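Below: one structure, written as structure tokens.
Only a predicted model underlies this, so the values are computations on that prediction, with no experimental measurement involved.
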Amino acid sequence: MAASVAAAAGRLRRAIGRSCPWQQFSTEARPLHGAAVRDAFLSFFRDRHGHRLVPSASVRPRGDHSLLFVNAGMNQFKPIFLGTVDPRSEMAGFRRVANSQKCVRAGGRHNDLEDVGRDLSHHTFFEMLGNWAFGGDYFKEEACSMAWELLTRVYGIPEDRLWVSYFGGDSKTGLEPDLETRDIWLSLGVPASHVLSFGLQENFWEMGDTGPCGPCTEIHYDLAGGVGAPQLVELWNLVFMQHNREADGSLHPLPQRHVDTGMGLERLVAVLQGKRSTYDTDLFSPLLSAIHQGCGVPPYSGRVGAADEGRIDTAYRVVADHIRTLSVCIADGVSPGMSGAPLVLRRILRRAVRFSTEVLRAPPGFLSSLVPVVVETLGIAYPELQKNSVQIASLVSEDEAAFLTSLQRGRRIIDRTVKRLGPSDLFPAEVAWSLSLAGNLGIPLDLVELMLEEKGVQLDAAGLEELAQKEAQHRAQQAEPVQEEGLCLDVHALEELRRHGVPPTDDSPKYNYSLRPNGDYEFGLCEAQVLQLYSEDGTKVTSVGAGQRCGLLLDRTNFYAEQGGQASDRGYLVRTGQQDVLFPVARAQACGGFILHEAMAPECLQVGDQVQLFVDKAWRMGCMVKHTATHLLSWALRQTLGPSTEQRGSHLNPERLRFDVATQAPLTTEQLRTVESYVQEAVGQDKTVYMEEVPLAHTAHIPGLRSLDEVYPDPVRVVSVGVPVAHALAPASQHALQTSVELCCGTHLLRTGAVGDLVIIGDRQLVKGITRLLAITGEQAQQAREVGQSLSQEVEAARERLSRGSGDLPEAHRLSKDIGRLTEVIDSAVMPQWQRQELQTILKTLQRRANTAIRKLEKGQAAEKSQELLKRHSEGPLIVDTVSVESLSVLVKVVRQLCEKAPSMSVLLLSPQPTGGVLCACQVAQGATPTFTAEAWALAVCSHMGGKAWGSRMIAQGTGHTADLEAALGTARDYALNQL
């Protein structure tokens, strides 16, 4: 039997590695629609096996900087696997759950972008059906049994078409084979010839370089149906998390075991509908039909490779896949942009535009017309698509139009550059870079290379690589400094605490503060006991000595741990009875319900010591002011832009606050001003800020209640400005539409008056559809307004100077420079952004008027000078002379006017400057010989003066230095007479 199994394993490896088309298969059951397949999966686990159905997470990762996009169903449950889930949160209560998760695999570790279209199976967006069991609620036997039951009894897949694989162990790491899983499959009736073992690469799943991992078992479907060699495609992967990969590479048993399974909906539907590829299912057929109707190309026929003449079917697949990805991502708040996930999405959009316009010959605006089709096919499962359909279509349409414009400009630039190249010249890397996504026009480099290939021109690849490296270095230098990683509790430390019955840290004292009659805040004293100490490397210790950086776990704390965009508190603690020895606390971090304080020990500190904690009052007050101001800003934006306006993120510390908001367009000057006025009004009314913990369920379906894409504890804290929380959450209440009511665990002011003032000092678009606002409060805001007022007065003074006019050219130049200097000051000043925009608009107008006045004065001065010179040089073919002017611009005008009045004369003028330099300008007569050019003439004279020259055949200019003007003039005359 062992020999037959080994032979079958060899066949299976070859079958998995073989690229094969999907084959038709017939079943007695009627093929299920894609939506019905999804529903059947969810119903099976909910109704038959008691799983809780949870919504799909956003494809924008929540607090996970290791991912560009959510690429697996397990991403949202990482806090459970890592043991860091807040024990008060809804997620902490999950035991067995199931869902259909939106996934994007483009960019990063899992990147299918360039493969999409080339074959019949790759996608950048797909749906992953999954079921999970946390903390050992069930494990291998139940997971395998459920999967087998669903596939064979509910979906009706013939058992003989299914093969399974399991982990066969690894001698190098000492991991034993997963014989338990093998025996489970055999007990379920799977033939031994269909139960095969594989190694680490195929059947051992790891979250990353470190973290939970374990053996997995995969269920494969045989496309060949027993005819010839098996042709296998993976359907379902069942992961049994039972190990943890440590930083040193070793494996330790996980404190709690978990089941994590994932099955691609698109592939499952293809099997159940008997289709040759995922693109032939009803998940894609409406899109393919819409593409055919909108473009007029032949219907989709599923061809690949050389058989796909003109790459029409490839383009069908690219456009159908990419418009799904774009729609889902934009609905979840990821818009095309210039870095990270937005840059990947921009590439996807432009790849779709390229294939739709160049291959399918789609009309302009075609891509956005497909958005309603996506919404119709996916909108019921993912309602955010229906909610944001207009915004999705608008963003796709705008970016498509912008790219088509860029493409036209790019072609013109390429044509012009190619004409200048020699037969063997490479296309300049600098030009290609300026055309690319990293440069100005946003054309993918592979498209640039294709366009050059069509012209038979080769790109300077080495130069391009050098530019890419320089850009990467520049981005690294410009990037915000990464905050130093603080101490943190790993999954083993957290489980040990729970196993020993250590309760989560009571951090409710962070809300123990009151407002005195004089307006000052009083923060209550917090007494606590040291429950655990950790050294700097995370090792558990019983004591720390002087000078050691350490982590402290206390039974209670009044320190706010960084979360929800609010910076951590800082301060100090003292041992009870020893008030003169301060232990500085740099930060506090939340780890699975425990608050870890990062401190520096000036003396010995031991487990069991009684301590008193003191937050830095100024720092805490700064955070409270900014956090309440952030809520007021969010409310003011909804009042100004509309109730559907959504926050996309925020961060605050005592210095300033940052707020990202979804917008259709950049905020106008008037909108910025209006937002500030709303906040000022709420601050001026000194409204009471009400805070209360309520059951999470009570906050559902309250119109206007603000919450973010975060996991909230239950009960959850509600912060309401001006209206008691009970009134705001009352049935049919409209209060949350009229004031700020948010779910928030941060620390806030008790009255809004302490905000003092709020000034938005900057705004910029992060990506299309998301604007980032920077704001300051209190005295800083008042100072910003004073700066704005002072600069406004300077602008008004410049306007008055310009209105008075000046007959003096030097004065006109001084005014122009003053306006330019003032523009630079205003561009960088800390001042109200709306006022900055207003003054920038005024200054642009003033600069244009100042430049017009200068040109007019220069023209008048040039007329005078040219008239004087004509009187001195009335005869002859040449005018070579000196003239006193302030600038090269005026000198050129004098030369031009002379040649207009005396077209038969060639003119060269020199103008000595107070700085010791000499200006030069010349123009040759229209009838001059072809060998007599202005550029060569100016170069001869300026070279004599040790300078440089530039220009054209007819007119040129230059500069130099000389004390002997007569010699320079002699050189000019000799050169000209020699040419004439």
Side-chain angles (χ1 to χ4, degrees), residues 57-62 68-70 102 104 106-107 124-125 322-353 365 367-372 374-375 378-379 382-406 437 442 565 633-634 636-651 658-672 675 706 708-709 760 762-775 833 837:
S58 164
V59 296
R60 188 163 48 106
R62 178 194 293 148
L68 289 172
F69 300 98
V70 164
K102 300 171 293 185
V104 174
T124 52
F125 165 75
H322 288 7
I323 194 62
R324 283 170 28 117
T325 304
L326 288 162
S327 298
V328 167
C329 288
I330 294 172
D332 279 349
V334 183
S335 300
M338 291 303 293
S339 64
L343 177 60
V344 174
L345 200 63
R346 191 177 186 216
R347 287 179 176 143
I348 291 172
L349 193 149
R350 299 199 162 195
R351 190 169 187 258
V353 173
L367 273 186
S368 62
S369 72
L370 297 177
V371 172
V374 177
V375 173
L378 294 174
Y382 308 110
E384 57 274 11
L385 283 164
Q386 297 174 332
K387 177 183 176 183
N388 298 298
S389 60
V390 174
Q391 182 190 11
I392 297 167
S394 174
L395 279 174
V396 170
S397 179
E398 288 178 19
D399 210 287
E400 178 183 5
F403 180 50
L404 291 175
T405 301
S406 295
L437 277 162
L633 177 60
S634 178
L637 285 163
R638 296 197 305 277
Q639 296 297 109
T640 305
L641 304 179
S644 63
T645 303
E646 292 188 357
Q647 178 178 341
R648 290 296 190 212
S650 68
H651 188 269
R658 184 188 76 207
F659 191 91
D660 299 340
V661 59
T663 56
Q664 292 291 338
L667 272 70
T668 65
T669 300
E670 190 54 40
Q671 286 172 334
L672 288 168
V675 168
R706 309 307 295 174
L708 301 177
D709 182 26
I760 299 170
D763 76 324
R764 66 183 178 95
Q765 276 203 298
L766 291 181
V767 294
K768 188 72 175 178
I770 299 181
T771 297
R772 170 163 290 179
L773 302 177
L774 295 177
Q833 182 68 3
Q837 292 178 355

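Nearest approach of Ala352 to Leu367, heavy atoms of both residues: CB-CD1, 3.9 Å. Contact record, Thr124 with Ala106: CG2-CB, 4.2 Å, taken as the closest heavy-atom pair. Scanning all heavy atoms of the two residues, the minimum distance from Thr640 to Gln671 falls at CG2-O, 3.9 Å. Residue Pro336 comes nearest to Leu349 through the heavy atom pair CG-CD1, 4.0 Å, listed as atom of the first residue, atom of the second, then distance. The shortest heavy-atom contact between Ile770 and Gly333 is CD1-O, 3.3 Å. Residue Ala331 comes nearest to Ile392 through the heavy atom pair CB-CD1, 3.9 Å, listed as atom of the first residue, atom of the second, then distance.
Using a 4.5 Å cut-off on side-chain heavy atoms (C-beta onward), Arg638 and Pro643 make no contact. Put simply, the side chain of Arg346 reaches to within 4.5 Å of the side chain of Arg350, judged on heavy atoms. Contact check for Leu774 versus Ile760: no side-chain heavy atoms found under the 4.5 Å cut-off. A heavy-atom distance below 4.5 Å is found between the side chains of Val334 and Phe69. Between Val396 and Leu370 the shortest side-chain heavy-atom distance does not fall below 4.5 Å. Using a 4.5 Å cut-off on side-chain heavy atoms (C-beta onward), Ile330 and Asn388 make no contact. Side chains of Phe659 and Leu637 form a contact here, defined as non-hydrogen atoms less than 4.5 Å apart. In this structure, the side chains of Gln837 and Leu672 come closer than 4.5 Å at one or more pairs of heavy atoms.
Remark: of the listed residues Val59, Val70, Leu385, Thr325, Val59 is the sole one forming a side chain to side chain contact (heavy atoms under 4.5 Å, CB included) with Lys102.
Every residue meeting the salt bridge (charged side-chain N to carboxylate O under 4.0 Å, His left out) condition with Glu398, not counting sequence neighbours, appears here in chain and number order: Lys768. Under the salt bridge (charged side-chain N to carboxylate O under 4.0 Å, His left out) criterion, Asp763 pairs with no residue at all, not counting sequence neighbours.
Rounding to the nearest 0.5 Å gives a distance of 9.5 Å between OG of Ser335 and CZ of Arg60. The CD1 atom of Ile323 lies 7.5 Å from the OG atom of Ser368; values are rounded to the nearest 0.5 Å.
Taking the charged nitrogens against the carboxylate oxygens, Asp660 and Arg772 do have a contact shorter than 4.0 Å, which makes a salt bridge.
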For Glu384 and Asp332, what are the C-alpha separation, side-chain angles and deciding distance, and is it a side-chain contact (heavy atoms from CB on, under 4.5 Å)? CA-CA 7 Å; Glu384 57 274 11; Asp332 279 349; 3.7 Å; yes
Determine, stepwise, if the pair Leu378 / Arg324 fulfils side-chain contact (heavy atoms from CB on, under 4.5 Å). CA-CA 9 Å; Leu378 294 174; Arg324 283 170 28 117; 4.3 Å; yes
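Side-chain atoms of Glu400 come within 3.5 Å of backbone N or O of Gly365 as a donor-acceptor pair. Under a 3.5 Å cut-off, the side chain of Thr645 and the backbone N or O of Gly642 do form a donor-acceptor pair. Here the side chain of Ser397 pairs no donor or acceptor atom with the backbone of Ala393 at under 3.5 angstrom. For the pair Asp399 (side chain) and Leu395 (backbone), a donor-acceptor distance under 3.5 Å is absent.
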